[in-house]
Number of protein chains: 2
Amino acid sequence: MAEKKPKDKKNYHHGSLRQGLMDEATRMIALGGAEGLSMRKLADNVGVSRTAAYHHFKDKNALLCAIAEQGFQKWQSHFALLMDEQSGDMSVWLGHFVQGYLNFSRENQEQYDLMFGRTIWKNGAPTATLKKASFSCFHNYVDLIRQWQVKGYVDSNLDCLRIAQVSWSTLHGMSRLLNDGIYLDKGAIDAMSKSAVEMILSACGTQQLKPFTAAEC
Amino acid sequence: MAEKKPKDKKNYHHGSLRQGLMDEATRMIALGGAEGLSMRKLADNVGVSRTAAYHHFKDKNALLCAIAEQGFQKWQSHFALLMDEQSGDMSVWLGHFVQGYLNFSRENQEQYDLMFGRTIWKNGAPTATLKKASFSCFHNYVDLIRQWQVKGYVDSNLDCLRIAQVSWSTLHGMSRLLNDGIYLDKGAIDAMSKSAVEMILSACGTQQLKPFTAAEC
DNA sequence: GAATAATCTTGACAGTGTCAACATACCCTA
DNA sequence: TAGGGTATGTTGACACTGTCAAGATTATTC
């Protein structure tokens, strides 16, 4: 403690502190959530002084926004992959989509919380670029449903914006209830997914698949 | 500042500090959220010393749990009122229910966040009594759907637990997206509610109402 | 090579939750 | 009624937090 690591004189300037901070912060957040992230511990882990980060991010909120933004990029590339595999059967594909969404929100719990949670959106203030990322993310989804209407998969008397909002809400709600530990039975995720898919399909006026059997009530 | 309020000797003991703390805390949380609530400011507002609260609540988390629990009681009485007005037409009633849920979550935003948010469920630890309140709240909803199946309103081949989970997720998701400021257009709430109702109805295998017209997409 | 800008460090401040030790008032029994 | 135990309230202290201001060091540019 008395002696700090020598760190050869060269790197008084770290070189890539911004990236280093983001990486370590992402790691720490994945472990202990955003509220467990302390700017001081972060700096310490990266091997830099308390306030060094403030030369790269206006404040803690700005750091969190940057990490959320990266989350949106990650999701967009997942989404793009899903879009590629779009084949004939919409209802099968929707199953993949729902599964993909829930997997993403589970595997990136804390980052997901930053992307869609109150830490940034309510308490902090979303960066302009973060806002953009989030909106384009949602609009991609609306566009998808619009396409489906054109292709005749979805009743075109329906308002695609509402369908998008409500179905997204369903996925978001499930993600939250699971991630936050209100729904605890992780074993039920598959069954819930199936129900969600059926629900969305029926709301779309799409011709129904064979209904899944479910009786234990 | 030099002189503290005299507070006639009588009330060294406050008399009803526990309730006083809860009331003021609820008020403060409604204004600035749970993360804006400081134990010290709270004590100050109630006119008591920093640590007095710790004789009534184990820690901050316990206080928050108590407030969340009160939230569940409030919701249960709303729910009971709704149940009373249950008349013949299930689809009309479901509309009232959805509206009631969204109203509750909007009018009690911060308390709702405590009831169903990560502050307690993920980060803190829910009190035993809070857990009980929350579970019985959800089970009431499951029971309702079970009743509907008996009455023939809902396809009894469906798993009522799944229906409950998914439809609740929809309502929770909408509430969160609105409360946390991700969905901003409060003017769209009614339209979203209608869509949500239609979606849940169609998922229940209930005979459809006249579909709402919605075309601006 | 000197000036300017970018980056990093130390010091400081006002907050936070909560533990330990002490003070006061109430209540119940002898 | 006296006295002791218990519930409730207070003050002091500790380790932590985010972030501002001022100074130190290196990189960049004219």
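Only this structure's heavy atoms are used, side chains among them; waters, hydrogens and symmetry mates stay out. Per chain, numbering begins at 1; letters A, B, ... match sequence-line order. Quantities reported herein were computed from a predicted structural model and do not represent experimental measurements.
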Novice: Roughly, in whole Å, what's the span from NE2 in B/His55 to C1' in C/dT18?
Specialist: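 Nearest whole value for this atom pair: 11 Å.
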Novice: In whole angstrom, give the distance that lies between atom CG of A/Leu37 and atom P of D/dC16.
Specialist: 16 Å
Novice: Check this for me, if you would: do A/Asp113 and B/Lys122 make a salt bridge, where the nitrogen-to-carboxylate-oxygen distance has to be below 4.0 angstrom?
Specialist: no
Novice: Figure out the CG/C1' separation between A/Leu17 and D/dT26, and round it to whole Å.
Specialist: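 One finds 14 Å between C1' of D/dT26 and CG of A/Leu17, rounded.
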Novice: Side-chain N or O of A/Ser38 versus OP1/OP2 of D/dG18: is the shortest distance under 4.0 Å?
Specialist: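 Yes, within the criterion.
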Novice: Does A/Lys41 have a side-chain nitrogen or oxygen under 4.0 Å from the phosphate oxygens OP1 or OP2 of D/dC16?
Specialist: no
Novice: B/Lys60 side chain: which of C/dG17, C/dT9, D/dT19 is closest?
Specialist: C/dG17
Novice: Considering only side-chain heavy atoms of B/Thr51, which listed nucleotide, D/dT10, C/dG17, C/dT16, is closest?
Specialist: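 The closest nucleotide is D/dT10.
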Novice: So, under a plain 3.5 Å distance rule, would you say the side chain of B/Arg50 forms a donor-acceptor pair with the base of D/dG9?
Specialist: no
Novice: Between C/dT16 atom P and B/Tyr54 atom OH, what is the distance in whole Å?
Specialist: 11 Å
Novice: If the plane angle is over 60° it's perpendicular, under 30° parallel, otherwise tilted; pick one for A/Tyr141 and A/Phe138.
Specialist: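 Correct class here is tilted.
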Novice: Can you tell me the distance, in whole Å, between the NZ atom of B/Lys58 and the P atom of C/dG17?
Specialist: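 In whole Å, C/dG17 P and B/Lys58 NZ are 15 Å from each other.
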Novice: Hey, can you tell me if A/His78 and A/Trp75 have their rings parallel, tilted or perpendicular (30° and 60° cut-offs)?
Specialist: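 Rings of A/His78 and A/Trp75: parallel, as their planes differ by under 30°.
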Novice: Is it the case that the side chains of B/Tyr112 and B/His172 hold a donor-acceptor pair, with the cut-off being a distance below 3.5 Å and no angle test?
Specialist: yes
Novice: B/Phe57 has an atom CZ; how far is it from atom P of D/dA7, in whole Å?
Specialist: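 The answer, rounded to whole Å, is 17 Å.
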Novice: Write down the distance between CG (A/Asn123) and P (D/dG18), rounded to a whole number of angstrom.
Specialist: 15 Å
Novice: Between the base of D/dT19 and the side chain of A/Arg40, is there a donor and acceptor pair under 3.5 angstrom?
Specialist: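 A donor-acceptor contact between them is present.
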